[in-house]
Amino acid sequence: MMFKKILIANRGEIACRVAATARGLGIRTVAVYSDADADAKHVAECDEAYRLGPAPARESYLRGDLILEIARRCGAEAIHPGYGFLSENEEFAEACARAGVVFIGPPPAAIRAMGLKAESKQLMGKAGVPLTPGYHGGNQDPAFLHKEAGRIGYPVLIKASAGGGGKGMRVVERADDFAAALASCKREAAASFGDDAVLIEKYLTRPRHVEIQVFADTHGNCVYLFERDCSVQRRHQKVLEEAPAPGMTAARRAAMGKAAVDAAKAVGYVGAGTVEFIVPGDAGADGSFFFMEMNTRLQVEHPVTEEITGLDLVEWQLRVAAGEPLPLSQDELQISGHAIEARIYAENPAKNFLPSIGTITHMRMPADDDHGAVRIDSGVRAGDAISPHYDPMIAKLIVWGEDRAAALRAMAAALAECEIAGLATNVDFLGRVVASPAFAGGDVDTGLIERHRALLLPADVPVPPAALAAAAFMLDAGAPAGASPWDLRDGWRMNLTAARTLLLRAGETVHAVTLEYPRGGMTIRIGAESGAAHGQVDGRRVRLVWGEQRVAATVVVDGLRVTVFCGGLRHDLERADALLLAGDADDEAAGDGHLCAPMSGKVLALVATPGVRVERGAALLVMEAMKMEHTIVAPSAGSVARFHCAAGDQVAEGVELALFEPAT
């Protein structure tokens, strides 16, 4: 019998996603929230909501005891864990069983079997699933692991045994770098998973990351719902996913599907799971593929599978957890078209994808298409804050097309319509990836972004004059105009034409935009371009005719910051005048050697010794943000004069961390 009420032990877009399916099935939903999420979207979209505790996950979303107590109080029959947090926590699954609450996920034994990468690989080897060459044992002595890395042969990949999401992973190219990489991996693994054990594998050159969606019920049925290619990654975290995988043959799909089902059956799996494989750089010309890990939960990228199969995987989860058999057999499953998912994050690609913390001041996304070509899964709205406590995902943008070419066109068009202001995002970067010859041609692997870094992460993106004109027109329209005749902006001057110049800074470049007001009109001059301008402003939308150009843009003004969305791209500007510019120049001269925090986070370790010379690129200190480590390095040869922080300090973005003295 289907559940009447479920508790969703998660937040953000996945909590909203589960709530939507439950609502369609007539199931009441219960949200839980931390203090940081009291007004969050997922709270508003559920029928009931209960406070868990303070913002840190360890005091809220990871408190299984509190979640079970809330389930008891509100009468929830089952708990959907989403992904992350408690979704792969066997102790929580066992606690649910003891409390008489259904855990909408696999049995605790299956979570345990696949939870530790080393043990799971040994188990998969016994089941006949192909494995990547490496060391998957329990000996964690650094000297022994160093020796094993030499036996495997560099480059090697160090990976947290209990990990996921790219945390606790390092590629090591040579033996001299192994010790430092191992220590960093272990710190990150301990912080993220409470377990610093690692395994070591041969790092395959230009590998592809292909995963198989599996589903099993309590009646002995198990199927695979085809594959997803998740090769495009940065910092070992997925950026774009698609289904089916480019270049996948029917024979290889069947072989990988069988291996995935064998893996699931080997651990008595029930529910939704994903078996991840690495395919060699030649796209497995010989048909080879290697087991990487099994995620015992729903994946972030599950929507692309839903789009090509026409199925609701959350509904399948609910039905299986309620004791129903799988709705379809393997022979009844079919692929229709092609789907691509882009993960939209609050992060700054130009700063090595550091997370961006702040409030979303403006958010306008493409509308869901009537034909299912565009889908938005999001857990935030304009006015919501991206906090340092949780993953900085803003939304998932999913498109479908009759074939890959159609899906690529749909994705490019949809990304061009995304407007998010108030913090840095990766939207423009995603647009460049989708348009790149490598991705468009299906030549994908996990090194695509690094290999094409110059194309995908250009040092300087010029601001087109049309965007500057739209910004100036908005700023002019927003100027104060009162009842006094002295406030009129009709351009009247005795024997003169009124004019004013706006200075708009983009990065290190300052653009002068001159607005002239001949009687009854306006002229905008930017460099050598000049033309009469007229148009209208509707909220944040500007429609402008400037000379021979027709300009449509969205302009978001937030104090001195001006964000312009024009021509499918975002341009970040700052209002300036002569005094502000002079002050900045003085500050810059005085600021040489002042190393500041590139993001809000925690100082983990001070590596350098004050007064001791280091070379350019040497590690000075290590920070942590979003449970990922970031190393602050020496900008040149020299030494740290003094640190302004200590290990354990929480620091905000822009806070000075150290004074560095370049060598003379």
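Residue numbers start at 1 and run along the sequence shown.
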Peer 1: Report yes or no: do Tyr61 and Asp37 form a side-chain donor-acceptor pair below 3.5 Å?
Peer 2: yes

Peer 1: Applying salt bridge (charged side-chain N to carboxylate O under 4.0 Å, His left out), can you list everything that pairs with Glu241, at least two apart in sequence or on another chain?
Peer 2: Arg343

Peer 1: For Ser60, which residues count as a side chain to side chain donor-acceptor pair (under 3.5 Å) partner, sequence neighbours excluded?
Peer 2: none

Peer 1: Determine whether more than 12 heavy atoms belonging to other residues, nucleotides or ligands lie under 6.0 Å from atom CG of Asp538.
Peer 2: no

Peer 1: Cation over ring, Arg500 on Tyr517, under 6.0 Å and within 45°?
Peer 2: no

Peer 1: With Phe429, which residues qualify under ring pair (Phe, Tyr, Trp, His ring centres under 6.0 Å), at least two apart?
Peer 2: Phe353

Peer 1: Go through the structure and list residues passing salt bridge (charged side-chain N to carboxylate O under 4.0 Å, His left out) with Arg525, not counting sequence neighbours.
Peer 2: Glu516

Peer 1: With Ala350, which residues qualify under side-chain contact (heavy atoms from CB on, under 4.5 Å), at least two apart?
Peer 2: Asn348

Peer 1: Determine, step by step, whether Ile340 and Val434 satisfy the side-chain contact (heavy atoms from CB on, under 4.5 Å) criterion, reporting the C-alpha distance in whole Å, the side-chain angles of both residues, the deciding distance to 0.1 Å, and the verdict.
Peer 2: CA-CA 10 Å; Ile340 305 173; Val434 170; 5.8 Å; no

Peer 1: How would you list, by chain and number, every residue that makes a side chain to side chain donor-acceptor pair (under 3.5 Å) with Thr514, sequence neighbours excluded?
Peer 2: Thr501

Peer 1: Kindly check if the number of other-residue, nucleotide or ligand heavy atoms within 6.0 Å of CZ (Arg616) is above 12?
Peer 2: no

Peer 1: Please enumerate all residues that pass side chain to side chain donor-acceptor pair (under 3.5 Å) together with Asn10, with sequence neighbours excluded.
Peer 2: none

Peer 1: Considering only distance and modelled atom types, tabulate donor-acceptor pairs under 3.5 Å from the side chains of residues 548-570, sequence neighbours left out.
Peer 2:
residue: Gln549; atom: NE2; partner: Glu529; partner atom: OE1; Å: 3.4
residue: Thr554; atom: OG1; partner: Glu419; partner atom: OE1; Å: 3.1
residue: Thr554; atom: OG1; partner: Glu419; partner atom: OE2; Å: 3.0
residue: Thr554; atom: OG1; partner: Arg541; partner atom: NH1; Å: 2.6
residue: Asp558; atom: OD2; partner: Arg561; partner atom: NH2; Å: 3.0
residue: Arg570; atom: NE; partner: Asp572; partner atom: OD1; Å: 3.0
residue: Arg570; atom: NE; partner: Asp572; partner atom: OD2; Å: 3.2
residue: Arg570; atom: NH1; partner: Ile420; partner atom: O; Å: 2.7
residue: Arg570; atom: NH1; partner: Leu423; partner atom: O; Å: 2.9
residue: Arg570; atom: NH2; partner: Leu423; partner atom: O; Å: 3.0
residue: Arg570; atom: NH2; partner: Asp572; partner atom: OD1; Å: 3.1

Peer 1: Are Asp649 and Lys602 close enough, and set up right, to give a side-chain contact (heavy atoms from CB on, under 4.5 Å), and what steps lead you there?
Peer 2: CA-CA 6 Å; Asp649 286 355; Lys602 179 180 180 180; over 6 Å; no

Peer 1: Under the rule for salt bridge (charged side-chain N to carboxylate O under 4.0 Å, His left out), what residues qualify as partners of Arg17, not counting sequence neighbours?
Peer 2: Glu306, Asp312

Peer 1: Partners of Asp35 by side chain to side chain donor-acceptor pair (under 3.5 Å), sequence neighbours excluded?
Peer 2: Arg51

Peer 1: The criterion is salt bridge (charged side-chain N to carboxylate O under 4.0 Å, His left out); which residues satisfy it with Lys238, sequence neighbours excluded?
Peer 2: Glu211, Glu276, Glu301

Peer 1: Applying side chain to side chain donor-acceptor pair (under 3.5 Å), which residue pairs with at least one partner in residues 447-465 are found, sequence neighbours left out?
Peer 2: Asp445-Arg451, Glu450-Arg453

